[in-house]
Amino acid sequence: MELHILLIFMIFAAIIAIEEKDLLSSVIAVGAVGFALCLAFLILKAPDLAITQLVVEILCLIILIRATINKDLPLVIEGRWIFNTFSTLGFIAVFLLFAWLALKELPGFGEPIMAVVKKYLQESVSKTGSVNIVTAVILDFRAYDTLGEATVLFTAVIGIMAILRRPGRKK
Amino acid sequence: MINNSKTGMTLIVKTITRLTVGLILLFGIYIILHGHVSPGGGFAGGVIVALSFVHLMLAFGKDVAVAKVSKNMASNLESIGAMMFLLIALSGFLGGSFFLNVLAKGSPFDLLSAGTIPLSNIAIGIKVGVGLFAIFLALVVLERAK
């Protein structure tokens, strides 16, 4: 149910991003799509992808906003140091509170939550013959992921070669 | 071309580079080949191999490094690495499924063990090493083409 609401929201935000004339509004609509995708990953029980999506989204949003706004943004700092200090301290306190709550829930070292981890640890040597369990996981059990990663690198190299290539001979 | 004093850095850097660059390349190849018995693997070893060529380029200037690995050779090797990895993936169909480890497992701690994993490491090593070097080469050589 939440997933459908998120999907409809993403579709509407994407349409707004295409149709909007103002570049900055368009960029912000794209950012809304990204954050909704992040929430969708969370609902689909993939927190690692959600974290990656969040980080990439924030970076892309900052770069795109910086690229669309030409003039420098005014930075007001004088005369407001009390407010700035207290808001900084408040955010640090909130961050520490949530970090404490999250760290309490971490499983102990060597006691993984997921059952599949125990299977990897017990059977990787007998099933793959590789003593390096990390290599056994990335190149045997989860080799399909590694193929995707290699494709990402390949695409990056092709993109850089295509952008930086010499222009056609016009002499 | 190597002893040309006009390109690259000073004589001290060039001498040290001449001594160390082969060792760095060899260490990268060692990391790639021993990926299944010790920490490391295709990605880490490939980065070290790429860094040895970057080292060469920084010390001697771009012409020496381009003479070793040209841009066409870099893109060809990159594609060959990707195709090798894909072929290893498809060879799993000999046993019935994608990415199945079809070769003999061997005994643990041997260099020739773990079936297709060392082959995958070599393919990824070629791909990553040449790919990273190709990115560096593109940023250095193709920058002035306007």
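Each chain gets a letter, A, B and so on, in the order the sequences are listed, and its residues count up from 1. Keep in mind that the numbers below use all heavy atoms, side chains included, and drop hydrogens, waters and symmetry copies. Computed from a predicted structure; not experimentally measured.
The heavy-atom pair separating B:Ser79 from A:Phe154 by the smallest distance is CA-CE1, 4.1 Å.
Here the straight-line distance linking atom CG of A:Asn132 with atom CG of B:Asn121 works out to 8.5 Å at 0.5 Å rounding. B:Ser120 OG to A:Leu147 CG: the interatomic distance, rounded to the nearest 0.5 Å, is 10.0 Å. For the atom pair A:Ile138 CD1 and B:Ile124 CD1, the distance stands at 6.5 Å (nearest 0.5 Å).
Within 6.0 Å of atom CD1 in B:Ile12, 12 or fewer heavy atoms from other residues, nucleotides or ligands are found, so the atom counts as exposed in its surroundings. Open room surrounds CZ on A:Phe9; 12 or fewer heavy atoms of other groups in view lie less than 6.0 Å from it.
B:Leu25 and B:Leu58 fall within a single hydrophobic cluster, where Ile, Leu, Val, Met, Phe, Trp and Tyr are joined by side-chain heavy atoms under 4.5 Å apart, directly or via other members. A:Leu42 and A:Ile8 are members of different hydrophobic clusters when ILVMFWY side chains are connected at heavy-atom separations under 4.5 Å. Hydrophobic clustering (side-chain heavy atoms under 4.5 Å, transitive across Ile, Leu, Val, Met, Phe, Trp, Tyr) keeps A:Ile16 apart from A:Val33. Residues B:Ile24 and B:Ile126 do not share a hydrophobic cluster, clusters being chains of Ile/Leu/Val/Met/Phe/Trp/Tyr side chains in contact below 4.5 Å. B:Ile122 and B:Phe27 fall into different hydrophobic clusters, defined by Ile, Leu, Val, Met, Phe, Trp and Tyr side-chain heavy atoms under 4.5 Å apart, directly or through other members.
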Report the C-alpha separation of A:Val157 and B:Phe133 in whole Å, then their side-chain angles, then the decisive distance to 0.1 Å, and conclude whether the side-chain contact (heavy atoms from CB on, under 4.5 Å) test is met. CA-CA 10 Å; A:Val157 173; B:Phe133 182 66; over 6 Å; no
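Side-chain contact between B:Phe136 and A:Ile160 is absent, with no heavy-atom pair separated by less than 4.5 Å.
For A:Tyr120, the ring pair (Phe, Tyr, Trp, His ring centres under 6.0 Å) partners at least two apart in sequence or on another chain are A:Phe141.
Residue-level contacts of residues 30-45 of chain B with chain A, in order of numbering, are B:Gly35, B:His36, B:Val37, B:Ser38, B:Pro39, B:Gly40, B:Phe43; threshold 4.5 Å between heavy atoms. Along residues 93-101 of chain A, no residue comes nearer than 4.5 angstrom to chain B, judged on non-hydrogen atoms.
Contact tally against chain A (heavy-atom pairs below 4.5 Å) for B:Ile88, B:Leu132, B:Ile135: the top residue is B:Ile135.
For chain A, the nearby part of B:Ala82 is the side chain; its heavy atoms alone come within less than 4.5 Å.
Residue pairs meeting the side-chain hydrogen bond (donor to acceptor under 3.5 Å, both in side chains) criterion with at least one member in residues 142-163 of chain A, sequence neighbours excluded, are A:Arg142-A:Asp145.
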